[in-house]
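Just below is one structure, and these are the notes that go with it.
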Amino acid sequence: MPSIDLNDMAGFFAGFSAKFNAEKLAAEFPTAADKAALQEMAAKIDAAIKANQDAEKTWETLGTAKSVALRLLKLAI
Amino acid sequence: MKRLLLPLLLPLLLLGGCASIPPEALSYSTALKAYHKKSSAATLLTYESSVSATKFTLENFKAVNASRSNEYVAACQEASGVFAATQGTLREVGELLELLPGSPDAKQAEIRGRVDQKLKALQDKLTAHRTEFDKASKDAQTRSASDTTGLNGKLQELEQGSLKLKALIVEGNDTTADGLARQEALLASYLNAQARMKKIFGAHLTNEASRLTQEASQLAGKVSPLLSTVDSILK
């Protein structure tokens, strides 16, 4: 009888899936809930950034007002 | 002038508001760090799995290739043996047939009988081998088709899985980068607002400090002769 008796590759397929299982690996990543929670917290940081930027603009305006006030005072004195 | 400035600046201070790093910044940093840690660990695991699967595939391919090459060589050697045996039988038949001319009838009948016997045995042997080789050929075709189907399935699984994992890695990186940029923006906005505020009050206070130092120096100048006088009286 010919010796041709190709070895079964089913073992390889099963072994490969055990080594690289995309679904299993995907489950290791942060979930949508993790990301949503982070984004929810990020909204507070965004609000603080906005508040700081507003404060910066206000101080800029006040700086100008101060200069004007000082010049007026000097004139008055 | 100082008295006039203070009432002017006090309401401005209230209007201006203060730059701040909110308490949420710490919990946000902690959450971002945890997110990044999880995402990085998963990315690393994906990389390690990919390498492991690639190594496993190549090792398996090497083993299958070696095994099938050996099987192919063995089958060819067996076929060669069958051809050699056939050749030997045909040579024997030829030699017997050469004896036919000039042989007595009884001898010729015996020779023909032996020739028929050898040819029949050869035919049976070749039929059996042909059946076996045909079966092996069909088995190989079936196995090859099955393997190709299986490999195509794994290839598709790998492509789709890789795309999904790549998207997750990109998403993780983008989220972390976005979070870091947000922290940077928060710090920058805080420092910018602080700098603006200091520009107003800082300059004023510096001027005041300079004036006070000057006055203290003048006062010390005036007090010094007085102290000398007191000192000389005490002596």
Side-chain angles (χ1 to χ4, degrees), chain A residues 1-13 15-32 34-35 37-67 69-70 73-74 76-77, chain B residues 1 4 8-9 12 15-20 22 24-25 27-28 31-32 35 38-39 41-42 45-46 49-50 52-53 56-57 60 64 67-68 71 74-75 78 132-133 136 139-140 143 147 150 154 157-158 160-162 164-165 168 172 175 179 182 185-186 189-190 192-193 196-197 199-200:
Chain A
M1 182 174 176
S3 303
I4 298 172
D5 183 20
L6 302 181
N7 55 335
D8 195 353
M9 288 187 75
F12 163 70
F13 295 139
F16 183 85
S17 291
K19 297 279 179 188
F20 186 85
N21 186 327
E23 290 298 323
K24 202 174 168 185
L25 288 168
E28 296 293 325
F29 280 86
T31 61
D34 290 333
K35 192 178 177 185
L38 196 61
Q39 283 174 335
E40 195 178 326
M41 296 172 81
K44 291 175 182 170
I45 304 299
D46 287 341
I49 292 170
K50 175 77 170 53
N52 284 342
Q53 287 170 342
D54 288 347
E56 185 192 347
K57 283 176 191 167
T58 306
W59 283 116
E60 193 176 353
T61 308
L62 295 181
T64 309
K66 178 194 160 191
S67 301
L70 285 173
L73 281 170
K74 277 179 186 172
I77 291 165
Chain B
M1 189 163 134
L4 286 169
L8 177 70
L9 289 175
L12 295 185
L15 276 171
C18 291
S20 67
E24 289 87 355
S27 49
Y28 179 69
L32 182 63
Y35 182 94
K38 192 173 182 182
S39 180
L45 187 63
T46 299
S49 292
S50 300
S52 175
F56 177 76
T57 303
N60 203 276
V64 168
S67 168
R68 292 191 174 178
E71 288 163 357
E78 189 169 340
E132 287 166 0
F133 273 95
D139 285 351
R143 179 61 55 79
D147 287 350
K154 285 291 157 196
E157 193 181 300
L158 180 66
Q160 288 175 348
S162 297
K164 185 175 183 178
L165 292 168
L168 285 169
T175 302
R182 184 171 280 109
L186 175 63
S189 68
Y190 171 77
N192 286 341
R196 288 286 177 195
M197 191 174 72
K199 200 173 175 184
I200 296 175

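- When each of G161(B), G172(B), A53(B) is scored by its heavy-atom pairs under 4.5 Å with chain A, the top score falls to A53(B).
- Nearest heavy-atom pair across K154(B) and F16(A) is CD-CD2, 3.8 Å.
- Electrostatic pairing of K164(B) and E23(A) counts as a salt bridge here, judged by a charged N lying under 4.0 Å from a carboxylate O.
- Expressed to the nearest 0.5 Å, how far CD1 of I45(A) lies from OG of S189(B) amounts to 10.0 Å.
- Listed here is the closest heavy atom pair of F29(A) and T46(B): CE1-OG1, 3.5 Å.
- Scanning all heavy atoms of the two residues, the minimum distance from K35(A) to T175(B) falls at CE-OG1, 3.4 Å.
- For the atom pair CD (E28(A)) and CG (L165(B)), the distance works out to 11.0 Å, reported to the nearest 0.5 Å.
- Here the CG-OH distance, from L38(A) to Y28(B), works out to 5.0 Å after rounding to the nearest 0.5 Å.
- In terms of non-hydrogen atom pairs under 4.5 Å with chain B, the most contact-rich of Q53(A), K19(A), K24(A) is K19(A).
- Note that CG of D147(B) and CE of M9(A) are 5.0 Å apart. Values are rounded to the nearest 0.5 Å.
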Residues L45(B), L25(A); criterion side-chain contact (heavy atoms from CB on, under 4.5 Å); working and verdict: CA-CA 7 Å; L45(B) 187 63; L25(A) 288 168; 3.7 Å; yes
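- The CZ atom of R196(B) lies 9.5 Å from the OG1 atom of T61(A); values are rounded to the nearest 0.5 Å.
- Most heavy-atom pairs under 4.5 Å with chain A: of the set A42(B), P22(B), G150(B), this distinction falls to A42(B).
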Verdict with reasoning, F20(A) to S52(B), per side-chain contact (heavy atoms from CB on, under 4.5 Å): CA-CA 8 Å; F20(A) 186 85; S52(B) 175; over 6 Å; no
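- Looking at A42(A), the atoms closer than 4.5 Å to chain B (heavy atoms on both sides) sit in the backbone and in the side chain alike.
- With a 4.5 Å cut-off on non-hydrogen atoms, S39(B) touches chain A through its backbone and its side chain both.
- Contact of E157(B) with chain A is made through the side chain alone, with heavy-atom distances under 4.5 Å.
- N52(A) and A193(B) get closest at one heavy-atom pair: O-CB, 3.6 Å.
- The candidate with the highest count of non-hydrogen atom pairs below 4.5 Å against chain A, out of G179(B), S49(B), S27(B), is S49(B).
- Heavy atoms only, all atoms of each residue included: T57(B) and F12(A) are closest at CA-CE1, 3.6 Å.
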